[in-house]
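Quick notes on the structure that follows.
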Amino acid sequence: MKRFGFLICVAGTIAAIVYPPYSMMGQRGWGFIGGNIVEAFGRGLPVRDHLDIQLLLLELLVINIVGVALMLAGRR
């Protein structure tokens, strides 16, 4: 259970950073950090310029709370 919690923390954090949420013109979505927002706005808008930092931090917080909870549950 401890290893599973650790795996969730590490893999979830990496996935959240590589595929972060973005916000643009009232629309929210998730996009690859190295890619462009092609679906709605064309090729010239990098995701990293429009990151939704508050949602990213909330996502990281929830992922790591779940992982730490599993690590603590595995201790018992």
>> Quick check: is Trp30 connected to Ile14 through a chain of hydrophobic side chains (ILVMFWY, heavy atoms under 4.5 Å apart)?
In response: yes

> Roughly how far, to the nearest 0.5 Å, is the CG atom of Leu58 from the CG atom of Asp52?
Replying inline: 9.5 Å

> Can you name the closest pair of heavy atoms from Ile8 and Ile63 and give their distance?
Replying inline: O-CG2, 3.7 Å

>> Restricting to non-hydrogen atoms, name the atom on Met71 and the atom on Phe6 that form the minimum distance, rounded to 0.1 Å.
In response: CG-N, 3.8 Å

>> According to a hydrophobic-cluster definition based on side-chain heavy atoms being under 4.5 Å apart (Ile, Leu, Val, Met, Phe, Trp, Tyr only), do Tyr19 and Val10 belong together?
In response: yes

> Once you round to the nearest 0.5 Å, how far does CG of Leu70 lie from CG of Leu7?
Replying inline: 10.5 Å

> Closest heavy-atom contact between Ala16 and Leu56?
Replying inline: O-CD1, 3.4 Å

> Closest approach of Ala73 and Met1, non-hydrogen atoms and distance?
Replying inline: C-CG, 4.5 Å

> Do you know the tightest heavy-atom contact between Glu59 and Pro21?
Replying inline: OE1-CD, 3.6 Å

> Given the rule that I, L, V, M, F, W and Y join up when any side-chain heavy atoms are under 4.5 Å apart, are Leu61 and Ile17 in one cluster?
Replying inline: no

> If you take all heavy atoms of Cys9 and Gly67, which pair is closest and at what distance?
Replying inline: SG-CA, 3.5 Å

>> So, taking the atom named CG in Leu57 and the one named CG in Leu51, what distance separates them when rounded to the nearest 0.5 Å?
In response: 10.5 Å

